[in-house]
Amino acid sequence: MVERADRRGRLRAAAGDGGRWWWPRNTEVVDAEASDATIQRLIDALGPDAVIADPDRTASYATDWTGRYAGRPAAVVRPGDADGVAEVVTVCRERGHPLVPQGGNTGLVGGATPMRGEIVLSTERLSDISAVDEDAGQLTAGAGVRIAEVQQMAGEAGWRYGVDLASRDTATVGGTVATNAGGLRVLRFGPTRHQVLGVEAVLGTGDVVRRLGGLAKDNTGYDLAGLLCGSEGTLGIVTQARLALVPAAGEAVTALIGFDDVVRAVRGVGAIRRAVPTLEAAELVLASGAGLVAEQTGEGSVLESDPPVLVLVEAVGPPDPTDRLGAVIGSLDGAGEVAVATDPSRAAALWHVREAHTEAISRIGVPRKYDVTLPGRALASYVDTIAEEVVAVVPDARTWLFGHVADGNIHVNVTGVDPTDGEAVDRVVLGGVVRREGSISAEHGIGLAKRRWLADDRGAGDLAAMRAIRTALDPDGILNPNVLLP
């Protein structure tokens with residue numbers, strides 16, 4: 001075995017398996033024999049069915065959703081409750097072996113990928129979900145429960161879950177808490193953090209914190225649930241969450257509106273928000289993206305005029321928002337052709353223009369994906385100029401833009417980029433956000449992809465506070481050590 005220190009003092013063990021990167025406690029190198037001993041300890045603690053070490057079986061846990069990040073986990077562990085998770089954390093802490101928590105593996109920034117030989121802690125067996133408390137409008141869901149399951153359970157009891165996203169059938173409660181996921185309904189209900197009333201979680205110390213009573217008012221010290229939301233599994237591993245639900249939907253109206261330009265589209269959405277208090281979604285699509293969706297899916301264009309900018313809005317009653325929405329759309333400056341739907345099948349066809357973007361883009365190549373937030377005053381200028389700025393550094397690149405215009409969240413997808421040009425594109429896309437005082441991450445977290453950019457987005461005081469918290473809750477640095485903080 002050959003040992004070599006990198007510039008941060010971490011060590012690489014160049015063993016017969018091709019080598020792995022580690023952050024072992026006390027800078028000790030973890031070799032293959034030590035790794036095998038850790039796996040055996042985990043089998044003894046959890047049982048053989050809960051530990052997967054066969055590389056053929058761990059392969060599905062090794063690559064992120066985009067295909068950009070791939071590693072090889074030392075093993076995959078699948079505990080069934082918080083006590084089992086605590087056992088895993090305790091063993092790995094004692095052995096100095098890092099862990100990567102993983103839910104539905106739908107992230108876009110490599111935040112749940114075992115890039116350096118970590119053990120993957122899968123939440124798939126943390127799948128319990130309680131009956132809905134119909135009076136309080138709450139339920140408790142395990143970290144491995146899919147968002148679609150929460151939505152179904154809530155709907156059967158006459159409630160709704162306020163978080164909705166295109167990956168609802170695979171994204172999990174634990175993953176959405178870890179990234180503070182937003183999605184399509186943030187405009188009205190806020191991100192995941194606003195839905196979480198309490199959590200059960202295992203910290204990096206192995207301690208279990210548990211507060212699942214669902215109290216709307218609870219001022220007994222620090223909000224640990226809020227702290228864990230968005231922490232990307234670096235402070236603790238959420239095992240259950242108590243979730244607030246929202247009233248069931250009433251009458252709904254969906255409209256796809258063509259605009260002359262982005263400036264008028266942004267202003268139009270502002271006018272709709274002021275006039276329609278039950279507005280739940282406002283999605284921005286450009287003509288290039290709508291054309292790609294039509295080309296890749298074989299669906300025709302919804303609006304015959306093919307306007308340069310499209311905005312999809314949806315309002316949900318009660319009361320019935322159709323007349324109010326129609327009146328304000330008719331008065332908007334720069335608005336042209338409009339398609340309106342009040343029945344679910346027609347609404348789904350309008351939503352398809354927006355929700356099929358990810359699939360259509362992926363069909364033409366693996367994109368570099370960014371989710372960023374711009375202040376309202378800077379949103380239009382960013383959308384109007386970013387594609388040209390990318391082409392200036394990578395002439396063959398194509399940039400596809402869409403997103404949640406009401407909260408300033410734009411998804412930037414760039415295809416035709418050679419990996420050697422990736423950093424140049426990062427500088428253009430993320431640097432443009434920082435210059436405009438936006439955020440380099442709106443929904444998917446920092447992960448691996450944006451780690452080096454966090455210092456540009458947040459100040460030195462912010463980073464120092466984050467490091468102090470991380471050290472306190474994960475003193476040995478074993479929880480997802482390769483993400484978030486630079």
Side-chain angles (χ1 to χ4, degrees), residues 182-188 253-294 301-315 321 324-341 347 349-358 360-361 370-390 399-413 429 432-433 436 438-439 442-443:
L184 304 170
R185 311 285 170 175
V186 169
L187 170 61
R188 187 171 185 184
V253 57
T254 307
L256 188 65
I257 312 164
F259 282 92
D260 295 337
D261 54 49
V262 180
V263 171
R264 289 182 173 86
V266 172
R267 289 175 180 167
V269 170
I272 295 171
R273 292 180 66 187
R274 290 190 296 272
V276 185
T278 59
L279 187 69
E280 291 193 1
E283 302 292 304
L284 179 73
V285 174
L286 302 185
S288 57
L292 180 67
V293 168
S301 300
V302 176
L303 300 183
E304 294 181 359
S305 58
D306 290 328
V309 181
L310 301 92
V311 171
L312 184 145
V313 294
E314 185 166 280
R324 178 172 285 194
L325 181 62
V328 68
I329 289 175
S331 68
L332 296 178
D333 177 38
E337 185 182 357
V338 180
V340 179
L350 299 184
W351 270 103
H352 177 77
V353 177
R354 160 63 175 85
E355 291 201 317
H357 264 63
T358 298
I361 293 167
Y370 309 85
D371 70 297
V372 300
T373 305
L374 282 303
R377 64 183 182 280
L379 181 62
S381 69
Y382 184 85
V383 172
D384 282 338
T385 62
I386 195 63
E388 294 180 1
E389 293 176 16
V390 169
T399 301
W400 312 92
L401 303 168
F402 59 96
H404 318 297
V405 61
D407 48 53
N409 178 194
I410 297 298
H411 299 297
V412 183
N413 289 245
V429 174
V433 171
R436 292 173 172 85
S439 168
E443 295 187 314

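Keep in mind that the numbers below use all heavy atoms, side chains included, and drop hydrogens, waters and symmetry copies.
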Student check: side-chain heavy atoms of [X] and [Y] closer than 4.5 Å:
{"X": "D306", "Y": "L303", "result": "no"}
{"X": "R188", "Y": "T278", "result": "yes"}
{"X": "L332", "Y": "I272", "result": "yes"}
{"X": "Y382", "Y": "V429", "result": "yes"}
{"X": "L286", "Y": "V309", "result": "yes"}
{"X": "V405", "Y": "V266", "result": "yes"}
{"X": "L187", "Y": "R273", "result": "yes"}
{"X": "V285", "Y": "V293", "result": "no"}

Is a side-chain N or O of [X] found less than 3.5 angstrom from the main chain of [Y], in a donor-acceptor match?
{"X": "E337", "Y": "P307", "value": "no"}
{"X": "N409", "Y": "G403", "value": "no"}
{"X": "R354", "Y": "L312", "value": "no"}

Kindly compute the distance separating [atom1] ([X]) from [atom2] ([Y]), expressed to the nearest 0.5 Å.
{"X": "L310", "Y": "L350", "atom1": "CG", "atom2": "CG", "value": "10.5 Å"}
{"X": "L284", "Y": "L401", "atom1": "CG", "atom2": "CG", "value": "8.0 Å"}
{"X": "R436", "Y": "R377", "atom1": "CZ", "atom2": "CZ", "value": "11.0 Å"}
{"X": "I410", "Y": "L379", "atom1": "CD1", "atom2": "CG", "value": "5.0 Å"}
{"X": "L374", "Y": "D407", "atom1": "CG", "atom2": "CG", "value": "11.5 Å"}

Where is the tightest heavy-atom contact between [X] and [Y], given as atom of each residue plus distance?
{"X": "P277", "Y": "R324", "answer": "CD-NH1, 3.4 Å"}
{"X": "G438", "Y": "P375", "answer": "CA-CD, 3.9 Å"}
{"X": "A442", "Y": "D371", "answer": "N-OD2, 2.9 Å"}
{"X": "A349", "Y": "V302", "answer": "O-CG2, 4.4 Å"}

Apply side-chain contact (heavy atoms from CB on, under 4.5 Å) to E443 and H411, showing your working.
-> CA-CA 10 Å; E443 295 187 314; H411 299 297; 3.2 Å; yes
Determine whether more than 12 heavy atoms belonging to other residues, nucleotides or ligands lie under 6.0 Å from atom CZ of R185.
->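 More than 12 within 6.0 Å, yes.
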Could you check L184 against W351 for side-chain contact (heavy atoms from CB on, under 4.5 Å), going step by step and ending with a plain yes or no?
-> CA-CA 11 Å; L184 304 170; W351 270 103; 4.0 Å; yes
Should the ring pair F402 and H357 be called parallel, tilted or perpendicular, given that the plane angle runs from 0 to 90° and is split at 30 and 60?
-> tilted
